[in-house]
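Residue numbers count from 1 along this sequence. Read the numbers this way: they start at 1 and go in the same order the structure lists the ligands and their atoms.
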Amino acid sequence: MEYHIKVNSPLIFAPMEGVTDHHFRKMILTEYPSWDYIYTDFLRLSTNQNYKPSFILKFFGIDQYDLTDKYCQKVILQILSTPKSTSAYNILQIADLGFQWIDLNLGCPSKQVVSHKGGSYLLSNLKELEHILTTIRKNFQGYFSVKMRTGYKNSENFKDLLHLIEDCGVDLITLHARTQTELYRGKANWEMIKQASKQSNIPIIGNGDIQTLEQLRQFNTPATCQGVMVGRGAIRRPWLAQQWYDNKKFSLAQENTLRVAFMHKILETYDFLDSTARLKKMKKLTHYLFDSHESIKKSQLLRSNTLREFMQEAEIVKPQFKD
Ligand SMILES: Cc1cc2nc3c(=O)[nH]c(=O)nc-3n(C[C@H](O)[C@H](O)[C@H](O)COP(=O)(O)O)c2cc1C
């Protein structure tokens, strides 16, 4: 079976470390199959090259890479690499396991990651970035994408970055339109996504702050980008991809019902954890599960002492505005 990459306006579920582990990814692809792709959170390449193949496959969520497997067709392995940890050996190990599409993280803003010259740090050093991109490109024949921000401290070298990435043979860019310094503050700059699409000969997937069908309609247009990735908004509305393809609006009451069903799915997904761990997980997700105007609800949920209390509180959500 040939690997087919749908680059015609894909809708992609974003990688989110601490959320999108392989249990979560499987649940999303089963319950919300309209997402075209979902990225793994990042696999940190190791400097001493000591990953066993079974560790990489387990991280990805499988025992063996199999192109006929729907999961393998839809899940993209994201790696986090530094100038030190990028080696032909590391990349060939992934290539030899059969992966058809890998993504390089050039966006992580965390202090720990950038202090090791990984993630968004690489946007500030074109020489080191070039070394990493060419090492990956030379040793990986499959589809190779990067997920980047618009720059490190600022976006002054944005055009140079786009040129370099394209010249190094990268096949697709996902652009979270903020700099490292901006973290998640302010608004994502969709104008820069539009500019990048105009300037690049490779597809640009736009990313940042999409929460609703209306926003998808506004930004997922050929004039702006060649597809959209949704992160926090996809936890809030995992049904968003289906809404897009069905062109269907939901009322607030319908969304509340869908959200409660999603929360139950999450609990089922992690039923191997004890109730304290599951309550902790649900509390962690609470921040993303509700819209910003629902802050009262969030604080009530965060005060729950048991899972039962939490779910009871969640299930009596009433729409705060008239439909
Ligand atoms: C909790 C969390 C974890 C994240 N982990 C990753 C990651 O592992 N790899 C990555 O490329 N981006 C990661 N991101 C960034 C998201 O993929 C996305 O680019 C960002 O949240 C902006 O999109 P959004 O506004 O749709 O959420 C993470 C974001 C959040 C909130």
Practice item. Can you label the angle between the F272 ring and the Y270 ring as parallel, tilted or perpendicular, going by 30° and 60°? Key: tilted
Exercise for review: Using the six-membered ring wherever Trp is involved, compare the ring planes of Y143 and W101 and label them parallel, tilted or perpendicular (cut-offs 30° and 60°).
Suggested key: perpendicular
Review point. What residues come within 4.0 Å of ligand 1, counting heavy atoms only?
Key: A14, P15, M16, E17, D41, F42, Q78, N105, K147, H176, Y184, N207, G208, D209, V230, G231, R232, Y288
Practice item. Kindly say whether the aromatic ring centers of F144 and F140 come within a distance under 6.0 Å. Key: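 No, ring centres 6.0 Å or more apart.
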Point to revise | Cation-pi check, K26 onto Y71 ring (under 6.0 Å, within 45° of axis) | key: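 Satisfied, under 6.0 Å and within 45°.
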Point to revise | Partners meeting side-chain hydrogen bond (donor to acceptor under 3.5 Å, both in side chains) with Y184 (sequence neighbours left out) | key: none
Check your understanding: Side chains of Y37 and Q73: is there a donor and an acceptor less than 3.5 Å apart?
Key -> no
